[in-house]
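Notes follow once the structure below has been shown.
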Protein chains: 2
Amino acid sequence: MGNALIALLQTGRTLTAAEEQLILSAFTEREARRDEVLFPGDKVCRTLFFIDSGVLRLGRTDDKGNDITYFFLKEGQFCTILKSFQDGIIAEEQIIAASEVRLRSVTRIALDTLYEQLPWLRHTLEQLLQRQLMEKIDLRNRFLERDAPGNYQALLEQVPGILLHVSLKDIASYLGITPQSLSRLRKNLL
Amino acid sequence: MGNALIALLQTGRTLTAAEEQLILSAFTEREARRDEVLFPGDKVCRTLFFIDSGVLRLGRTDDKGNDITYFFLKEGQFCTILKSFQDGIIAEEQIIAASEVRLRSVTRIALDTLYEQLPWLRHTLEQLLQRQLMEKIDLRNRFLERDAPGNYQALLEQVPGILLHVSLKDIASYLGITPQSLSRLRKNLL
DNA sequence: ATCATTTTTTACCCTAGGATAAGTCCCCAT
DNA sequence: ATGGGGACTTATCCTAGGGTAAAAAATGAT
């Protein structure tokens, strides 16, 4: 305990102190300021992040130059461009700090080494990543059932405290509306 | 060969005739007519479908009673409510034939038995399902970058020939617009 | 063939949200 | 403190798409 990453990985299994140490030392701790680009896109993503605190946004800059947020990731969640990380293909998506964040990162290489030492870890991690992916796709699908104010309020519940640290511009880019519309919408909710 | 399911599963591996037989006999072949409900939702989904031909729609009936299509699945793709199928939890989503379809289905139980006989199959299938999931989430994310006519045209490319077999009502429910809007939109595209 | 039902289209009016422009506020660097 | 830039808001106008109603076309059943 005292560490969310370890807690997550030892679901249904108790880790020895040595195992914990092995895992933790494969990750590098770092911080990032809001708007810092953690993965710029248009290349292979070789990093897997784990969020200790703060919010990341995963998205893309579309052809018209608009920033689009596919989804937000919060503390206790992993973040990578999965297709790229797994298959080594070029990713168009980018990963950006939506608030000040504390995170841990591990490279594909380091993770492979870790898998050799702890074979069970591969399946555990793959399961976690898949579960998270399904959660995100669910959230997006539910967007179809609500209007913008409904989606805004749903987001506030999904990421409590998001308003305290994430810019409204980024939130608008997730909702698929302009910052102006979000501003108007927020006024109507009073 | 001559069988899309086998072709898909033997990626990077050659199956013996016995293995092929084992797999094929675990699946049950069936057909369904357009609008036939293959999985009604609000219970645990214990079936994995493989589509030989035709189109399925996976979706939900929302609180206002509107049918919503999360995504279409076409020949050569698997279809199940993954979260439910894997973890045995209740699924709200439903699976419905969007056209006449030929498909193969396997129960969770039969699949587990098959896994015992062919241990490599688990990972192969999980990979395929994950890959498909990522593809679907990608498609949904791209929706944020286009307007309704753009999304309509993108769909026509994603599922060639969809107009021949799937109702416009179902297509509208995927695009998140009313059939009336789709009709108007289609007229404008000429 | 005929009738009933469903799908698709058309038309009307109305509203949510886009585009543009400009204003306010806040943060930061000098 | 002061000026500049980004974040957020406000306002105006405009358009895409919703709601409703109803016609037209296709489908199916008898």
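From a predicted model like this one, the values you see are computed outputs, not experimental measurements. Per chain, numbering begins at 1; letters A, B, ... match sequence-line order.
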How long is the line joining [atom1] of [X] and [atom2] of [N], in whole Å?
| X | N | atom1 | atom2 | result |
| --- | --- | --- | --- | --- |
| A:Arg33 | C:dC28 | CZ | C1' | 14 Å |
| A:Tyr152 | C:dG17 | OH | P | 14 Å |
| A:Leu175 | C:dG17 | CG | P | 10 Å |
| A:Asp35 | C:dC28 | CG | C1' | 15 Å |
| A:Arg146 | C:dG17 | CZ | C1' | 18 Å |
| B:Ile171 | C:dT7 | CD1 | P | 13 Å |
| B:Leu185 | C:dT9 | CG | P | 11 Å |
| A:Leu182 | C:dG17 | CG | P | 10 Å |

Output yes when at least one side-chain N/O atom of [X] is less than 4.0 Å from OP1 or OP2 of [N], else no.
| X | N | result |
| --- | --- | --- |
| B:Arg184 | C:dT9 | no |
| B:Ser183 | C:dT9 | yes |
| B:Lys187 | C:dT10 | yes |

Is atom CZ of B:Arg46 surrounded by more than 12 heavy atoms (other residues, nucleotides or ligands) closer than 6.0 Å?
->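 No - once you tally the heavy atoms of other residues, nucleotides and ligands closer than 6.0 Å, there are 12 at most.
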
Cationic N near anionic O, under 4.0 Å, B:Arg60 to B:Asp63 |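 A salt bridge is present here (some side-chain N lies under 4.0 Å from a carboxylate O).
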
Sidechain N-carboxylate O distance under 4.0 Å for B:Asp138, B:Arg142 |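 Looking at B:Arg142 together with B:Asp138, the answer is no, because their closest N to O distance does not fall below 4.0 Å.
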
Shoot me the first and last contacting nucleotide of DNA chain D against chain A, ordered 5' to 3', at under 4.0 angstrom to non-hydrogen atoms.
->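 For DNA chain D, the relevant span reads D:dA7 to D:dA11.
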
Out of B:Leu58, B:Thr80, B:Val101, which residue meets the side chain to side chain contact (heavy atoms under 4.5 Å, CB included) rule with B:Leu73?
->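 It is B:Leu58, the one option of B:Leu58, B:Thr80, B:Val101 that forms the side chain to side chain contact (heavy atoms under 4.5 Å, CB included) with B:Leu73.
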
Taking A:Gln77 for its side chain and A:Lys74 for its backbone only, find out whether a donor-acceptor pair lies under 3.5 Å.
->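 Flag set: sc A:Gln77 to bb A:Lys74 pair under 3.5 Å.
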
Donor + acceptor pair across side chains of B:Arg186, B:Tyr152 (<3.5 Å) |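 Side chains of B:Arg186 and B:Tyr152: pair found under 3.5 Å.
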
On DNA chain C, nearest-nucleotide positions of A:Gln180 versus A:Asp147: which is more 5'?
->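 It is A:Asp147 whose nearest nucleotide is closer to the 5' end.
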
Please name the pair of heavy atoms, one in B:Arg34 and one in B:Ala98, separated by the smallest distance, quoted to 0.1 Å.
->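 Between these two residues, the closest heavy atoms are CG-O, 3.8 Å.
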
